[in-house]
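Only a predicted model underlies this, so the values are computations on that prediction, with no experimental measurement involved.
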Amino acid sequence: MAAAAAAAAVGLSPDLQKRINIMAEHVARHGHDFETSVKQKNAASPQFAFLVGGEGSEYYQQLLEAHRNQQGGTTPGTAGTSLAVEAAELAELVARWREPQVASLGADGERQLTE
């Protein structure tokens, strides 16, 4: 991993770093259309906020560039990419990282938030 990517990872949770790494690998392998598809299907999901400038976006961009460079600097085209394969890989990614459980704040916490 490049030094810039390592620096961008500081402060990110290990789960988010892993999710970003896997997504960067898939996008480097399958191209921009795959990334666009994931963005569209997960626009409201905070788990994929790094795709649209959210937490971890700098780390994602650094990793994506590194993965593309490992492939010889080429970005695969989409002509031979099967939508069924993309959908299956997307389903795998979504299934592996579910929304984290949120603990209740209790009555006092809820009251403080509404004040």
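Contact between L63 and A24 at its shortest, heavy atoms only, is CB-CB, 3.9 Å. Residues A28 and L64 share a closest heavy-atom pair of N-CD1, 3.7 Å. The nearest pair of heavy atoms linking V27 to R68 is CG1-NH2, 3.8 Å.
Within the 4.5 Å cutoff, the side chain of Q17 has no heavy atoms near those of the Y60 side chain. Counting heavy atoms from C-beta on, the side chains of F50 and M23 come closer than 4.5 Å.
Distance check, rounded to the nearest 0.5 Å: CG of L12 to NZ of K18 gives 15.5 Å. Note that CD1 of I20 and CD of Q62 are 11.5 Å apart. Values are rounded to the nearest 0.5 Å.
A salt bridge links R111 with D108: the closest approach of a Lys/Arg side-chain nitrogen to an acidic carboxylate oxygen falls below 4.0 angstrom.
Applying the side-chain contact (heavy atoms from CB on, under 4.5 Å) rule to T36 yields the partners H32, Q40; only residues at least two apart in sequence or on another chain are considered. Residues satisfying the side-chain contact (heavy atoms from CB on, under 4.5 Å) criterion with N42, sequence neighbours excluded, are V38, S45, F48, L90, V94. With sequence neighbours left out, the side-chain contact (heavy atoms from CB on, under 4.5 Å) criterion links E25 to N21, R29, H67.
When the shell of 6.0 Å around NZ of K39 is examined, it contains more than 12 heavy atoms from other residues, nucleotides or ligands.
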